[in-house]
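Below, chain A is the first sequence line, B the second, and so on; all start at residue 1.
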Number of protein chains: 2
Amino acid sequence: MIRDLITTKCLYSETIIPYYPVMQKTARKSQPIARPPGRPREFDMDTALDRAVRVFSERGYHATSIGDLTTAMRLATGSVYKAFRDKHAVFLAAFERYVALRQEQTRSAAAKGANGRERLRNMLLSYVAHSQGSEGRRGCLVVGSAVELSAVDPVVAALVSARLETNEGFIAGLIREGQADGSIPRHVAADDTARLMICITQGLRVVGKARLSLDGKRLVAVAMKLLA
Amino acid sequence: MIRDLITTKCLYSETIIPYYPVMQKTARKSQPIARPPGRPREFDMDTALDRAVRVFSERGYHATSIGDLTTAMRLATGSVYKAFRDKHAVFLAAFERYVALRQEQTRSAAAKGANGRERLRNMLLSYVAHSQGSEGRRGCLVVGSAVELSAVDPVVAALVSARLETNEGFIAGLIREGQADGSIPRHVAADDTARLMICITQGLRVVGKARLSLDGKRLVAVAMKLLA
DNA sequence: AACTATAGGAAACACTTGTTCCCTAATATG
DNA sequence: CATATTAGGGAACAAGTGTTTCCTATAGTT
């Protein structure tokens with residue numbers, strides 16, 4: 001019965017030591033502008049979006065307020081709403097910016113390999129690297145969107161699926177390249193292995209957020225057994 | 001320059017067809033109670049928490065309002081705050097409830113195997129199964145917490161890490177069991193393989209949320225190559 | 001049987017949120 | 001040079017948030 005468990009002394013909460021909101025709102029009030037007002041700022045929208053990406057990645061969509069965005073992007077509220085229809089539109093723009101950047105990074109990391117097998121190894125190593133340290137702690141916007149929004153936001157859900165499928169296709173392509181150049185055995189099931197590797201890469205970002213240490217060399221060495 | 005990109009016509013938003021909030025708030029107003037007030041309800045706190053788990057898993061912490069919780073748990077606002085200090089405390093209780101349940105499911109799935117190798121296969125198959133369908137769409141509360149809260153909430157971050165490490169230890173144990181009973185070769189690096197498998201399991205939940213189809217048999221067959 | 005304590009409910013509260021509105025000053029145009 | 005336009009800012013707004021408070025009717029006690 002519920003009244004057996006509910007007590008006036010708040011039974012379920014005695015284990016909680018600190019209270020929830022920890023960081024955030026250090027300088028919510030926008031600092032006084034030093035330049036003459038009306039004078040256009042000296043940065044482009046991409047840098048502003050990069051800053052938005054940082055906030056969205058770290059806190060997620062719902063925990064990021066317009067105030068957080070304006071201070072991060074160094075724009076006033078009105079300016080944000082002149083550039084974007086609403087918060088959701090800012091998020092989508094940030095998402096696309098993030099995806100473009102990450103795709104470039106991943107592809108160029110892979111490109112350094114001599115054959116298909118090496119390109120795959122490089123890609124995995126790059127993923128581990130990005131899942132660690134401060135970037136790892138900040139998190140991946142694709143993973144964050146998948147987890148936080150896919151169930152409730154069909155637009156984001158579609159973007160996320162599309163992104164995962166693109167990545168999976170890229171990996172499957174690398175496997176086939178490796179099979180063509182002889183660095184990966186023919187009997188490896190390209191599509192299944194690619195899907196599992198997508199799981200690995202996304203899982204790396206989750207584990208990286210939990211601050212577990214990730215030894216790239218060793219983890220990738222194990223993962224490469226999937227290509228045996 | 002920012003003014004090159006900012007237009008009064010809202011440049012960045014023309015691709016967005018539907019507007020954001022899609023589901024939620026179908027019956028926010030609590031339905032009139034049919035029973036005499038003051039009469040204790042006929043369910044225990046665990047079922048109420050299970051309902052909370054569903055909401056938190058699906059929408060995440062920040063997107064779940066107290067209103068969502070009260071309708072889901074079928075409790076009035078005051079009752080929730082009599083049982084828990086605040087929303088955060090409800091979340092922690094739901095988290096622990098979820099973890100206990102999932103742990104039981106995973107262990108009992110693994111236990112059906114005859115040797116270490118089979119127990120590992122069963123565990124992986126169970127993870128794939130739980131990452132699919134409606135449960136997959138709802139999502140894993142551990143993954144969700146890791147992604148949404150680990151960076152800003154030290155309490156949740158600690159719970160998540162602890163959970164991942166427990167799981168990893170369990171997997172490493174299964175590997176060692178397999179090595180002892182001869183079903184897994186001695187040269188397999190138990191700890192590294194376990195950490196990679198944690199990535200796979202967490203990644204499965206991410207991919208499952210994105211509604212990509214997951215063929216358990218085939219995916220696990222590929223993953224088992226890690227034990228070669 | 002009268003009384004006390006309290007489980008459970010719902011309205012009120014203070015605050016934050018996303019969004020809009022309007023002002024100002026610099027640029028571009030004629 | 002005078003005028004129209006608009007980038008950018010920030011105050012004001014309404015709706016939603018988490019939380020508190022108080023009420024009521026039951027359950028347990030003497």
Side-chain angles (χ1 to χ4, degrees), chain A residues 1-11 13 19-21 24-25 28-45 48 52 59-71 73-91, chain B residues 1-11 13 19-21 24-25 28-45 48 52 55-56 59-71 73-91:
Chain A
M1 306 282 281
I2 194 168
R3 59 206 185 93
D4 295 337
L5 286 158
I6 292 185
T7 78
T8 11
K9 289 296 170 196
C10 191
L11 176 75
S13 305
Y19 189 65
Y20 174 62
Q24 204 171 13
K25 64 188 64 164
R28 170 65 53 89
K29 280 285 174 193
S30 58
Q31 62 285 14
I33 34 160
R35 65 186 176 74
R39 189 75 210 304
R41 304 292 300 276
E42 279 303 326
F43 56 64
D44 58 345
M45 182 53 82
R59 308 189 194 169
Y61 179 79
H62 289 287
T64 302
S65 73
I66 300 288
D68 297 331
L69 280 175
T70 53
T71 55
M73 300 172 85
R74 301 187 200 162
L75 286 172
T77 326
S79 306
V80 170
Y81 277 87
K82 272 231 178 64
F84 304 95
R85 178 193 305 173
D86 52 19
K87 182 185 169 186
H88 192 245
V90 182
F91 181 81
Chain B
M1 307 283 281
I2 194 168
R3 60 208 185 91
D4 296 336
L5 286 160
I6 291 186
T7 78
T8 9
K9 288 297 171 197
C10 188
L11 177 75
S13 306
Y19 190 63
Y20 174 62
Q24 205 172 12
K25 65 189 66 164
R28 170 66 52 89
K29 281 284 176 196
S30 59
Q31 62 284 14
I33 33 159
R35 66 184 176 75
R39 189 76 208 304
R41 303 293 299 276
E42 281 303 325
F43 56 64
D44 58 345
M45 183 54 82
V55 194
F56 276 132
R59 309 189 193 168
Y61 179 80
H62 290 286
T64 302
S65 73
I66 300 288
D68 297 331
L69 280 176
T70 54
T71 55
M73 300 173 84
R74 301 187 199 161
L75 286 173
T77 327
S79 307
V80 170
Y81 276 88
K82 272 230 179 62
F84 304 95
R85 179 192 301 173
D86 52 18
K87 181 185 170 187
H88 192 245
V90 182
F91 181 80

Nearest-angstrom distance from the residue atom CG of B:Asp86 to C1' of C:dC15: 16 Å
Per B:Ser65 side chain, nearest of listed nucleotides D:dT20, D:dG18, D:dG9: D:dG18
Aromatic ring pairing B:Phe56/B:Tyr61, orientation class (parallel under 30°, perpendicular over 60°, tilted between): parallel
Protein-nucleotide distance (A:Met45, atom CE; D:dA7, atom C1'), rounded to Å: 11 Å
Within 45° cone and under 6.0 Å: A:Lys87 NZ/CZ vs A:Tyr81 ring: no
Nearest-nucleotide pick for B:Tyr81, side chain only, options being C:dT20, D:dG18, D:dG8: D:dG18
Out of D:dG9, D:dT19, C:dG9, whichever nucleotide has its closest atom nearest the side chain of A:Ser79: D:dG9
Verdict with supporting geometry, B:Val55 and B:Met73, side chain to side chain contact (heavy atoms under 4.5 Å, CB included): CA-CA 9 Å; B:Val55 194; B:Met73 300 173 84; over 6 Å; no
Any N/O donor-acceptor pair, A:Lys87 side-chain to C:dG18 base, under 3.5 Å: no
Distance in Å, B:Leu69 CG paired with B:Arg59 CZ, rounded so as to fall on 0.5 Å steps: 9.0 Å
Spacing between B:Phe84 atom CZ and D:dT19 atom C1', to the nearest angstrom: 16 Å
Interatomic distance, A:Met73 CE vs D:dG9 C1' [rounded to whole Å]: 15 Å
Value in whole Å for how far the P atom of D:dG16 lies from NE2 of A:His62: 15 Å
A:Arg74 CZ - D:dG10 P separation (whole Å): 15 Å
Straight-line distance of B:Ile66 CD1 to B:Leu75 CG, nearest 0.5 Å: 11.5 Å
Whole angstrom value for the distance that separates C1' of D:dG18 from NE2 of B:His88: 14 Å
Rounded interatomic separation in angstrom, taking CZ from B:Arg59 and C1' from D:dG16: 15 Å
Of B:Gly78 and A:Ala76, the one whose closest DNA chain D nucleotide lies more 5': A:Ala76
Options C:dG18, C:dG9, D:dG9, nucleotide nearest the side-chain atoms of A:Ile66: C:dG18
